[in-house]
Amino acid sequence: MHVVIAPADRGVIATEVDDAGLPTAEPTALRDAEYARYVAQSAPTTRWVWEDTAVSYPPLLRAGVRVERCADLRLCRAILRHSTLSAGSPVATGPRDALDGESPLLGPASAQTLFDIGAEAEHIDPVLEHQRQLATVAAAPEPGRLRLLLAAESAGALAAAEMRFAGLPWSAARHEALLADLLGPRGPAGARPARLEELAREIRAALGAPTLNPDSPQEVLAALRAAGLVVNTTRSADLRRIEHPAIPPLLDYKKRSRILSANGWSWLDTWVVDGRFRADFLPGGVPSGRWAARGGGALQLPKQLRSAVVADPGWKLVVADAAQLEPRVLAALSGDLTMADAGRGRDLYEGIVATGAVPDRNSAKYAMLGAIYGATAGQGGRLLPRLGQAFPRAMGLVEAAARQGERGEAVTTRLGRSTAAAGAGWRDAQWSASSPDASAVDERRARAQARERGRFTRNFVVQGTAAEWALCWLAELRRRLAALPADGGRPELVYFLHDEVLVHTPEVLAGPVAQAVEEAAGAAGRLMFGTFPIDFPLEVAVVDDYGQA
DNA sequence: ATTAACGGCGCG
DNA sequence: AAAGCGCGCCGTTAAT
């Protein structure tokens, strides 16, 4: 059964619908308090259909109610709007409305209540939209692909809301100890900590620039040049090549200063409340289908600080990441049996070395990444031809995706997420560069833009299909975790980072959780690629803090 | 005084 | 360390 939930004054309107989305009963108006009770009493397999999971699910979580399944109409709209599998459908060609674009609840407005959203935001008719989406999927070629994608995307939205609700366990004491170690004691707000001030003095002395602000790239560049160094940027990677007494303290300063500005004491004050770091996770926030995040740089936690993620007493963290996910996805997506063989039961890069295509693991890794990203130079670029001979199907797929992108065409992932059409500016540039009186500059720029779009589409099919695998993994894991006994607390998904998950679990359930993570990965592979013989091995660790993983 | 762009760097 | 993809956020600087 599906139930459509629409925001209304001081509550919601619930409408039961059938498999075609047609109402089977009169809509029911529910006040906020009744809403959670109504959902809790419904069949657990009900699919809850709503505009925004981030709007309609948190009130349920606060009332202690979880749901198994939903359809997030906004996220599904975004997919169906562009997918080549739904091209020409009513959802794809309909006028833009309030369901296109980001959820109104995101960002600092998240203190808003369901009531505010009901009163203020523009709304579409979710019952009608649900009908249109169901019909669009049913009419698509291979409807199973889109159906799986929309279900996985929606399950991801549930997981994202639950992750925000649970929060990432964060030890402020551990974090402060790390900061004291790196920066010295916390000083007055705005003042440079002792350790950074020392380094700044050292840098100024070495460059003979007594007033230099090491945080200003402009000033640093000028001071380096004044000291006779030939530099064009102040990037650490570039500075590392230079021999000069100012460079070591400058690199050290940059490293520590980054920790201060991105994850220092004020970050801790802002983002960690009651031992939990809470951020907004945005499923579908990236065109490829990867998640984005807002608040506290949740997807960029420096490895240096991960030991501040600490399980509660009597609890553990189960940390799992998928090994060499993107190349494995490429092997399966392209049906490249040789490449799939290379990854079976072992490190994929070692397997590539074993084929004789490249000399060592590092070469294999950078050549593969080069193939997926579109490298033209460097070690990755040089080894590409070798990979092309060893794995023609896999390399043929990314090459074809690049050529399609260069022509301005859309490309599509395994389950049906497509790139947006090339922009008007891009098309104009290509068109005018092909005219007989185009200047050499115009032609060069158009070619550069075409290659740039080719790298994007080349990467999109792999990154996007990997994101789909990860979503299926997450959805399957979420289901299995819910089925575990709530033995002194329930295991919670608390973090998801593209190819990596963290589950915070009572210690007694750590084993079953680790098993669930493994089983979910196997299930994801079968959902995505059927019987194609590809492995998705995980590295799983049961630890007390994230730094140990 | 506020906003936008830039250089830089963290993550996958 | 590798230079090719996708992000968010910081301090500085230029623009409004």
Side-chain angles (χ1 to χ4, degrees), chain A residues 106-107 190 192 196 212-222 231-241 250-251 253-264 266-267 270-271 279-282 284-306 321-327 329-330 360-384 398 401-402 405 411 417 419 448 451-467 470 495-501 546:
Chain A
L106 293 170
R192 201 175 262 134
L196 289 184
L212 173 71
N213 172 10
D215 291 320
S216 164
Q218 245 173 39
E219 290 184 29
V220 170
L221 195 60
V231 281
N232 293 312
T233 80
T234 63
R235 281 195 289 265
S236 294
D238 295 342
L239 297 183
R240 248 181 277 282
R241 292 183 242 274
L250 184 52
L251 292 173
Y253 179 93
K254 282 169 165 288
K255 189 77 187 161
R256 292 172 200 265
S257 158
R258 163 79 192 189
I259 295 287
L260 173 68
S261 66
N263 298 95
S266 72
W267 180 91
T270 308
W271 295 108
D280 280 316
F281 293 93
L282 311 183
V286 177
S288 67
R290 276 188 174 184
W291 288 16
R294 296 281 162 75
L299 299 185
Q300 301 126 266
L301 294 180
K303 293 193 165 169
Q304 263 184 297
L305 295 183
R306 290 185 177 184
D321 79 275
Q324 307 104 38
L325 177 59
E326 290 195 350
V329 161
L330 172 57
D360 55 66
R361 186 178 189 278
N362 258 357
S363 303
K365 178 172 175 179
Y366 285 100
M368 271 312 310
L369 294 179
I372 293 171
Y373 292 157
T376 53
Q379 188 176 1
R382 276 198 306 281
L383 289 164
L384 279 185
V398 288
V411 296
R417 196 185 307 260
T419 51
R451 279 195 300 269
E452 192 177 334
R453 190 164 191 280
R455 287 194 299 274
F456 167 63
T457 53
R458 168 198 294 267
N459 186 251
F460 181 95
V461 292
V462 180
Q463 185 183 112
T465 303
Y495 196 57
F496 171 58
L497 188 58
H498 310 314
D499 59 0
E500 184 172 353
V501 296
Y546 192 12

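Values below: all heavy atoms of this structure, side chains included; hydrogens, waters and symmetry mates excluded. What you see is a predicted model, and the numbers here were worked out from it, not measured in a lab. Within every chain, numbering begins at 1; the chains are lettered A, B, ... in the order of the sequence lines, protein sequences first and strands thereafter.
Side chain of A:W271 to main chain of A:G295: no donor-acceptor pair is present (N/O by atom type, distance under 3.5 Å, no hydrogens or angles). At distances below 3.5 Å, at least one donor-acceptor pair connects side-chain atoms of A:T457 with backbone N or O atoms of A:G454. Judged by distance alone, with hydrogens and angles left aside, the side-chain atoms of A:T419 form a donor-acceptor pair with the main-chain N or O of A:V411 at under 3.5 Å.
Minimum heavy-atom separation, A:K254 to A:S236: CD-OG, 3.5 Å. Considering every non-hydrogen atom in both A:Q463 and A:S288, the closest pair reads OE1-OG, 2.6 Å. The shortest non-hydrogen separation linking A:D215 to A:S257 is OD1-OG, 3.6 Å.
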Quiz item: Dot-bracket, DNA chain C: Watson-Crick or G-U, under 3.5 angstrom, [ ] crossing, | other strand?
Solution: ....||||||||||||
N/O contacts under 3.5 Å, protein versus nucleotides 10-12 of chain B?
unit_1, atom_1, unit_2, atom_2, d
B:dG10, OP1, A:K255, NZ, 3.2
B:dG10, O4', A:R258, NE, 3.3
B:dG10, O4', A:R258, NH2, 3.1
B:dG10, N2, A:Q300, NE2, 2.7
B:dC11, OP1, A:K303, N, 3.0
B:dC11, O3', A:R306, NH2, 3.2
B:dG12, O3', A:D499, OD1, 2.7
B:dG12, O3', A:D499, OD2, 2.8
B:dG12, N2, A:R290, NH1, 3.3
B:dG12, N3, A:R290, NH1, 3.1

Anything under 3.5 Å between a protein N or O and an N or O of nucleotides 11-14 of chain C, put it in a table, one pair a line.
unit_1, atom_1, unit_2, atom_2, d
C:dT12, OP1, A:N213, ND2, 3.2
C:dT12, O3', A:S216, OG, 3.4
C:dT13, OP1, A:S216, OG, 2.4
C:dT13, O3', A:Q218, NE2, 3.2

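Residue A:T234 has a polar side-chain atom (N or O) positioned under 4.0 Å from OP1 or OP2 of B:dG8. Using a 4.0 Å cut-off, some side-chain N or O of A:R294 falls inside it from OP1 or OP2 of C:dG8. A close approach under 4.0 Å does not occur between any side-chain nitrogen or oxygen of A:T233 and OP1 or OP2 of B:dG7.
Residues A:D238 and A:F456 each lie close to DNA chain C; by heavy-atom proximity, the contact nearer the 5' end of the strand is made by A:D238. Along DNA chain C, the nucleotide nearest A:G296 and the nucleotide nearest A:R382 are compared for position; the residue whose nucleotide lies closer to the 5' end is A:R382.
Between A:F281 and A:Y495, the angle of the ring planes goes over 60°, which puts this pair in the perpendicular group of the 30/60° scheme.
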Practice problem: Dump the intermediate steps for side-chain contact (heavy atoms from CB on, under 4.5 Å) on A:N213 and A:R192, then the final yes or no. | Solution: CA-CA 11 Å; A:N213 172 10; A:R192 201 175 262 134; 3.1 Å; yes
Practice problem: Check step by step if side-chain contact (heavy atoms from CB on, under 4.5 Å) holds for A:K255 and A:Q304. | Solution: CA-CA 11 Å; A:K255 189 77 187 161; A:Q304 263 184 297; 3.7 Å; yes
